[in-house]
Amino acid sequence: MHGRAAVIGTVVLVVVLGGLMAGVLVAVAGVSARAQAVDDAIATLNAYQGVQRAIATEAFAEAAYRREPSEESRSRLVATIADLDTTVAKVYELGTPRDSGTADYLLILNTRYERLVESSLWQTGEDPSAGALVVAVGPALDAMQNVVDGAVARGARNAADAAAEQQALVRQLWMLAPGALASAILAIALCWAVILSQQAQFKARALEGERKALHDALTGLGNRSLLAQELKAELRRPNPDFALLMVDLDRFKEINDGYGHAAGDDVLRAVAGRLQEVSGSESVVCRMGGDEFAVLLRHASATEAVVAGIRSALLEPIVRGGVELRISGSVGYALAAPGKGQRAILTEADDALYLAKHYSEADPAEVAARLKLVQELRNGLDLDQFVVYYQPKVDLASGEVHDVEALVRWDHPTRGLVYPDAFIDVIEGSGLMPALTRKVVAHALDQVAAWGEQGWEISAAVNISPSALSDETLFEQVTAMLAARGLAPSGIRLELTEEFLMVDIERAKGALARFRDIGIEISVDDFGTGYSSLSYLRDLPIDELKLDRSFTFAMADDARAAALVAAAIALAHSLGLRMVAEGVESRAACDQLKRLGCDQAQGYYISRPVPAAELELWLTARCSAEHPEETPDATARLRLDRGRSVP
């Protein structure tokens with residue numbers, strides 16, 4: 001009985017032990033399989049992060065070209081597009097249908113982006129730096145970034161899931177091990193060895209994955225993601241006291257081109273080491289992409305000293321193979337302040353870097369003032385501080401007013417009304433012109449719509465800069481604003497300077513044709529200011545010429561100037577164009593322009609630029625009474641068309 005029980009017990013023990021060992025073996029096999037899954041997920045993550053870095057480099061090259069267009073920056077942008085294709089090819093090596101499909105889609109998007117860039121690159125003569133890439137290629141880059149971000153997130157999730165499954169299997173091993181230990185010390189020891197090994201590998205892979213996700217592969221510095229994390233953490237502190245430094249290398253492309261990319265990589269690694277050494281152990285140094293770096297300095301009081309140290313460190317030659325490689329760098333920074341968010345700090349630091357790079361020889365006080373002005377302009381746009389004044393254009397034959405020119409003013413909270421001469425160049429140079437143009441167009445169209453509701457049919461002319469016209473989204477924005485207000489395209493007219501049109505006729509022709517095709521008229525401002533070629537009058541879709549005020553001023557006392565005005569008016573009429581005279585400041589000038597057949601006049605004699613409410617009073621007064629001393633013809637009156645001409 002006991003023997004039978006022993007046999008049965010032995011059999012049961014063998015079965016139990018066998019089950020335990022089988023469970024252990026299954027768990028070990030599962031851990032190994034999950035380890036392979038983690039490896040595969042990390043490989044996928046690495047491939048897509050490579051594409052992510054290539055896209056960031058592409059965006060950086062585009063931004064560099066936008067800030068300073070040249071053949072050099074253009075070549076860099078073209079090279080980054082090709083590099084992205086090469087990087088995407090590594091996604092194919094992952095060997096899954098999904099990754100192959102994603103790679104195909106990325107190549108399609110990059111080709112589309114390349115075509116958009118190529119269609120917008122332009123040059124005049126042998127001076128390609130005269131142009132600027134300002135095309136709205138952002139959507140194509142955003143589409144690629146979204147695809148890659150999704151793939152990176154998917155790879156991270158897959159790695160996390162595989163790691164979690166691996167951990168679950170590890171826990172099962174811990175549960176099975178004690179039972180197996182009672183009958184098989186060697187098996188348990190083996191299991192422990194496997195467990196410890198797998199845990200060590202798992203931790204190592206997890207740390208490696210985190211490191212790659214937050215660090216630059218070339219220099220070992222943090223990347224944009226790490227900087228964002230650190231900034232967020234610093235801003236959570238009750239009283240943040242830090243500085244964000246942006247560093248951009250000068251003449252780095254010369255090293256890449258002259259000594260090869262391997263030398264360039266060595267320079268970047270050397271710069272990374274110097275930045276870490278100068279900034280101190282408590283600072284966070286990141287590579288933002290290309291030859292741009294960022295330093296998060298945790299003690300703002302040390303900012304000036306660290307900036308000086310960085311500039312000095314970058315001037316030290318880098319010795320490679322017995323050759324001294326020399327570079328320098330520009331540094332801009334922003335300081336933390338109550339209420340200042342991450343985006344504001346990054347933007348302020350970028351602005352400071354731009355000023356440091358382009359105004360390095362200027363007086364520090366002047367650079368500081370310019371940076372402050374850029375920041376105030378950004379705030380002004382955000383707070384809608386820009387207002388629009390209107391200057392009427394009078395029909396010289398009938399005295400009627402059908403058109404006004406919309407002119408922007410800055411209603412500064414402390415300086416009062418600021419005229420464009422004081423800020424327009426800074427707006428253009430800091431990349432804020434498209435945003436300002438959108439606001440001016442919106443204000444002007446709001447006013448045109450309001451006048452229409454009162455029965456006044458007036459169209460507004462808005463000045464368009466080269467950067468605003470080159471923004472491919474401008475057409476969609478203007479048409480959307482017209483539709484939202486129920487206005488016809490005739491409610492707005494675009495004014496462009498003759499100088500801009502002469503720089504790149506083909507680009508201007510393509511951009512203006514879209515507006516002209518839907519009925520938006522085009523006016524050429526500052527006509528006659530120094531260009532001998534008039535071929536653009538034949539080639540471009542133009543409706544109106546605005547004679548520069550310099551001709552109008554000189555006309556009364558200079559017979560040759562008057563002859564030029566007469567010839568310009570005749571030329572415009574022969575081409576079917578209207579002629580508008582600017583800068584009219586006297587009754588005599590009005591009379592002379594009317595005799596010469598000029599169509600419209602605009603100037604202080606007629607009215608200064610005024611707010612909409614004052615213009616309405618001006619117009620209403622001329623609807624109800626004659627002012628022969630102010631009109632170009634004593635028998636005519638300035639009339640406002642309220643759906644029909646006032647007799």
| said: Run the side-chain contact (heavy atoms from CB on, under 4.5 Å) test on Phe242 and Leu235 for me, step by step, so that the C-alpha distance in whole Å, both residues' side-chain angles and the decisive distance to 0.1 Å come before the verdict. | reply: CA-CA 9 Å; Phe242 67 89; Leu235 290 170; 3.9 Å; yes
| query | Going through the checks in order, is the side-chain contact (heavy atoms from CB on, under 4.5 Å) test met by Thr57 and Asp83? | reply | CA-CA 9 Å; Thr57 302; Asp83 289 342; over 6 Å; no
Hey, are the side chains of [X] and [Y] touching, using non-hydrogen atoms and a 4.5 Å cut-off?
X: Ser465; Y: Glu428; result: yes
X: Arg269; Y: Asp266; result: yes
X: Val271; Y: Phe252; result: no
X: Arg274; Y: Ile318; result: yes
X: Val331; Y: Met246; result: no
X: Val441; Y: Met481; result: yes
X: Ile310; Y: Leu275; result: yes

Has [X] got a side-chain atom pairing as donor or acceptor with [Y]'s backbone, closer than 3.5 angstrom?
X: Lys439; Y: Phe386; result: no
X: Ser312; Y: Ala308; result: no
X: Arg224; Y: Met288; result: yes
X: Ser73; Y: Ser70; result: yes
X: Arg438; Y: Val478; result: no

Nearest atoms (heavy-atom pairs only) where [X] meets [Y]:
X: Gly290; Y: Leu268; value: O-CD2, 3.9 Å
X: Ala349; Y: Ala334; value: N-CB, 3.7 Å
X: Gly309; Y: Val278; value: C-CG1, 3.7 Å
X: Ala54; Y: Thr87; value: CB-OG1, 3.9 Å
X: Cys286; Y: Asn223; value: SG-O, 3.8 Å
X: Gly329; Y: Leu314; value: CA-CD1, 3.7 Å

Output the distance between atom [atom1] ([X]) and atom [atom2] ([Y]), rounded to the nearest 0.5 Å.
X: Leu432; Y: Asp351; atom1: CG; atom2: CG; answer: 7.5 Å
X: Tyr333; Y: Leu297; atom1: OH; atom2: CG; answer: 11.0 Å
X: Ser330; Y: Leu249; atom1: OG; atom2: CG; answer: 9.0 Å
X: Gln342; Y: Leu227; atom1: CD; atom2: CG; answer: 7.5 Å
X: Leu296; Y: Ile345; atom1: CG; atom2: CD1; answer: 9.0 Å
X: Asp382; Y: Arg378; atom1: CG; atom2: CZ; answer: 9.0 Å

| said: The test is side-chain contact (heavy atoms from CB on, under 4.5 Å); show your working for Leu245 and Leu353 and say whether it passes. | reply: CA-CA 8 Å; Leu245 284 61; Leu353 176 61; over 6 Å; no
For [X] and [Y], does a side-chain donor sit closer than 3.5 Å to a side-chain acceptor?
X: Glu282; Y: His299; value: yes
X: Asp250; Y: Ser328; value: yes
X: Thr96; Y: Asp99; value: yes

| message | Is the ring pair Phe423/Trp410 parallel, tilted or perpendicular, if the boundaries are 30 and 60 degrees? | response | perpendicular
| task | Please list all pairs passing the salt bridge (charged side-chain N to carboxylate O under 4.0 Å, His left out) test where one or both residues lie in residues 285-307, with sequence neighbours left out. | result | Asp216-Arg287, Glu230-Arg298, Glu234-Arg298
| message | Quick check on Tyr259: does its OH atom have over 12 non-hydrogen neighbours (other residues, nucleotides or ligands) under 6.0 Å away? | response | no
| said: If you count every heavy atom of other residues, nucleotides or ligands that lies below 6.0 Å from Glu277 atom CD, does the total exceed 12? | reply: no
| request: Decide, yes or no, whether a salt bridge links Lys340 with Glu348 under the criterion of side-chain N to carboxylate O below 4.0 Å. | output: yes
| request: Determine, stepwise, if the pair Leu221 / Leu226 fulfils side-chain contact (heavy atoms from CB on, under 4.5 Å). | output: CA-CA 9 Å; Leu221 299 177; Leu226 179 63; over 6 Å; no
